Amino acid sequence: MKDLSLQTPDWIILFGYFIVLLAIGVWASSKSKKGSNKFLAGHSLKWHHIGFSMWGTNVGPSMLIASASAGFTTGIVSGNYAWYAFVFIALLAFVFAPRYLGENITTLPEFMGKRFGQSTRNMLAWYTIVTILISWLALTLFAGGILIRQVFGIPMWMSAFILLAISAFFTMLGGLKAVAYTNVYQMVLLIFVSATLTVVGIYTLGGSSFTGGITKLADPDIIPSDYWNLFQPNSDKDFPWLPILLGYPISGLWFWCTDQSMVQPVLAAKNLNEGQRGANFTGWLKILDVAIYIIPGIVCFALWKTGFFGDATIEADNAYMTLVSNLFPVGMVGLVMAVLTAALVSTIGSALNALSTVFTMDIYVKNIRPNASQQEIVRTGHIVTVVGALVSIVITIAVDNIKGMDLFNVFQSVLSFIAPPMAAVFVMGVFWRRCTTLAANVTLTFGTIFSIGSGILYLWVIPGAAETIHFMMLSFYIFVILIISMVIVSLTDKASAERPAMAVIREKPSLGVRVGWIALAIVMIGLYVFFN
């Protein structure tokens, strides 16, 4: 891979990116009404803000680099994680959002508190805080810190501090509105740069011909035909179809429907119609994941197979940056760094906002100072943002000091063991009125111990476990066990009583919402048929 050191034009572009980002953040903050709820942007977000914010929160440099790596080694099969998600984004839009907005909640622990009581709310609040600190902040900072350390040659703690300082600034400046407005700018930039890289790569592969590049990508002598299959046989080690079909829904339900960082833009929607349209827009944006994240890895593989890189050995993890260094001129490299920074700032900013929201509203206001003024609430949110940033730096440094472990691959597995308890509690809480507080609390405590304990045994203790059963299939089995246990506990809980139904917005989806979702479903089914 060529040297990626930045030249003067690259620095100018990178500096210009931050100037525009700052201007948008200040402008968005000025539009916030005085006294409005900054955590939910005064319930003012429209569909494009929601869509870009959800997609931007989902995007990170680790995802971008890992997706290109997966494309290089296995083709588009990892696109299931992006395209299968539309089912669960639809669940958010039509099942969960009407209930969340109907109860007029600020946080998801608050929603479960209304369903099961204060004890459940407290458990979920701390569960959410720990999850955000580890999965959203520390590991995202670690991924971004590696890239920034490679390019700029600065220590990990300094990389993490710079990224957090930028993200925290916008979070404290204008709350969710500033984060949402800057996300639109950053995600448009990301789409432009990654799409340009894909097009230039195909054009180069075809010998200065885009159609020639497409022809070579379709040539089985260059790209194995199974690279274009979304469904792989169950004998496939990494992406067997049955575990993906049954196991991914557990992670998908938790991630898209019950995670505060992901759902908060929908909670801030101007109304249900905007929330449903925003979720639909997220589904359309997820289609781009394959085109601008995975296909660059396949293009890099094709260029390598056809001798474009000479005798150089290409590592899969370097596929994306290899294309950048070989295909982009001076100046565009600076734009790529701006894009990677944009992905980081977007994810970290959303996570910091979710962290401050949950702590302030579910712990400080609910348990410590119920009569807090709006000014106190905002000040507490700022303090939590700073403290959360500092704690995440400490965790990031600790992660950086762990040696001999493929953290990115392990992280994907770990998510499958975090998801089952949360997914089970929300599913039963929403769909079964007979489910009791005891059942929810037992699942959040002992169920979490069982699920994460199973993951520890699977990943580190039992030799050969990964070869015996796929981690997504194990996640599915754990989820089923937790559901059965919740039914048994609820039916045997003599102190229980069926709780009254929670508020639900029952308005009929608008014509635009229905057309948008029907069109998305048709396109997604068509893509699955075409790529099999």
Side-chain angles (χ1 to χ4, degrees), residues 45-60 63 67 78-102 108 111 136 180 183-184 187 190-191 230 244-294 346-347 350-351 354 415-416 419 422-423 426-427 430-431 472 504-505 509-510 512-528:
L45 296 191
K46 296 184 179 180
W47 64 271
H48 54 287
H49 300 130
I50 296 167
F52 276 124
S53 289
M54 291 183 68
W55 190 59
T57 302
N58 183 220
V59 170
M63 175 183 171
S67 295
S78 60
N80 281 292
Y81 295 100
W83 288 357
Y84 195 2
F86 92 96
V87 175
F88 309 101
I89 301 174
L91 273 177
L92 170 63
F94 295 107
V95 176
F96 289 92
R99 290 166 169 80
Y100 294 158
L101 296 179
L108 300 186
F111 176 79
W136 282 110
N183 274 349
V184 173
M187 293 306 102
L190 186 148
I191 291 171
L230 283 166
I244 290 177
L245 183 67
L246 296 179
Y248 176 78
I250 313 307
S251 298
L253 182 68
W254 165 69
F255 187 80
W256 291 105
C257 300
T258 73
D259 184 87
Q260 180 73 27
S261 298
M262 289 305 307
V263 175
Q264 191 151 331
V266 174
L267 301 182
K270 193 173 183 179
N271 50 50
L272 179 59
N273 182 67
E274 292 292 336
Q276 291 175 330
R277 291 173 66 197
N280 178 253
F281 186 40
T282 305
W284 287 104
L285 288 172
K286 289 299 291 178
I287 295 177
L288 294 178
D289 285 13
V290 172
I292 64 177
Y293 297 158
I294 296 175
S346 177
T347 301
S350 298
L415 291 181
S416 294
M422 284 280 283
F426 272 83
V427 165
V430 168
F431 292 104
M472 280 198 172
V504 182
I505 299 176
S510 68
V513 168
R514 282 177 284 159
V515 169
W517 278 103
I518 291 171
L520 178 61
I522 291 172
V523 169
M524 294 308 306
I525 292 171
L527 287 172
Y528 265 90

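These numbers were taken from a predicted model, which means no experiment stands behind them. The first residue of the sequence shown is numbered 1, and numbering continues consecutively from there.
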Do [X] and [Y] have side-chain heavy atoms sitting under 4.5 Å apart?
X      : Y      : result
Met472 : Ile250 : no
Phe96  : Leu253 : yes
Phe86  : Ile287 : no
Tyr100 : Leu108 : yes
Asn280 : Trp47  : no
Lys286 : Asn58  : yes
Phe94  : Val513 : yes
Leu288 : Met187 : no

To the nearest 0.5 Å, how far apart are OG in Ser78 and CD1 in Ile244?
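These two atoms lie 9.0 Å from each other.
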Quick one: pull up CG in Leu92 and CG in Asp259 and give me the separation to the nearest 0.5 Å.
11.0 Å
Could you walk me through whether Leu230 and Tyr528 pass the side-chain contact (heavy atoms from CB on, under 4.5 Å) test, one step at a time?
CA-CA 7 Å; Leu230 283 166; Tyr528 265 90; 3.7 Å; yes
Centroid separation Phe88 to Phe255 less than 6.0 Å
no
Counting the benzene-type ring for Trp, do Phe281 and Phe52 have ring centres under 6.0 Å apart?
yes
Which heavy atom of [X] sits nearest a heavy atom of [Y], and at what distance?
X      : Y      : value
Lys46  : Lys270 : CE-NZ, 4.2 Å
Cys257 : Leu91  : SG-CB, 4.0 Å
Ile50  : Glu274 : CD1-O, 3.6 Å
Gln276 : Pro98  : NE2-CG, 4.4 Å
Leu45  : Pro265 : CD1-O, 3.9 Å
Leu101 : Leu267 : CD2-O, 3.8 Å

Among all residues two or more places apart in sequence or in another chain, which pass the side-chain hydrogen bond (donor to acceptor under 3.5 Å, both in side chains) test with Trp55?
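Applying side-chain hydrogen bond (donor to acceptor under 3.5 Å, both in side chains) to Trp55 gives Asp289.
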Stepwise side-chain contact (heavy atoms from CB on, under 4.5 Å) test for Phe111 and Thr258:
CA-CA 10 Å; Phe111 176 79; Thr258 73; over 6 Å; no
Working note: Trp284 + Ile89, criterion side-chain contact (heavy atoms from CB on, under 4.5 Å); need CA distance, chi angles, decisive distance, verdict.
CA-CA 11 Å; Trp284 287 104; Ile89 301 174; over 6 Å; no
With ring pair (Phe, Tyr, Trp, His ring centres under 6.0 Å) as the test, pick out the partner of Tyr248 among Trp256, Trp254, Tyr84, Trp83.
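Result for ring pair (Phe, Tyr, Trp, His ring centres under 6.0 Å) with Tyr248: Tyr84.
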Mind running side-chain contact (heavy atoms from CB on, under 4.5 Å) on Val266 and Met54 for me, showing each step along the way?
CA-CA 9 Å; Val266 174; Met54 291 183 68; 3.7 Å; yes
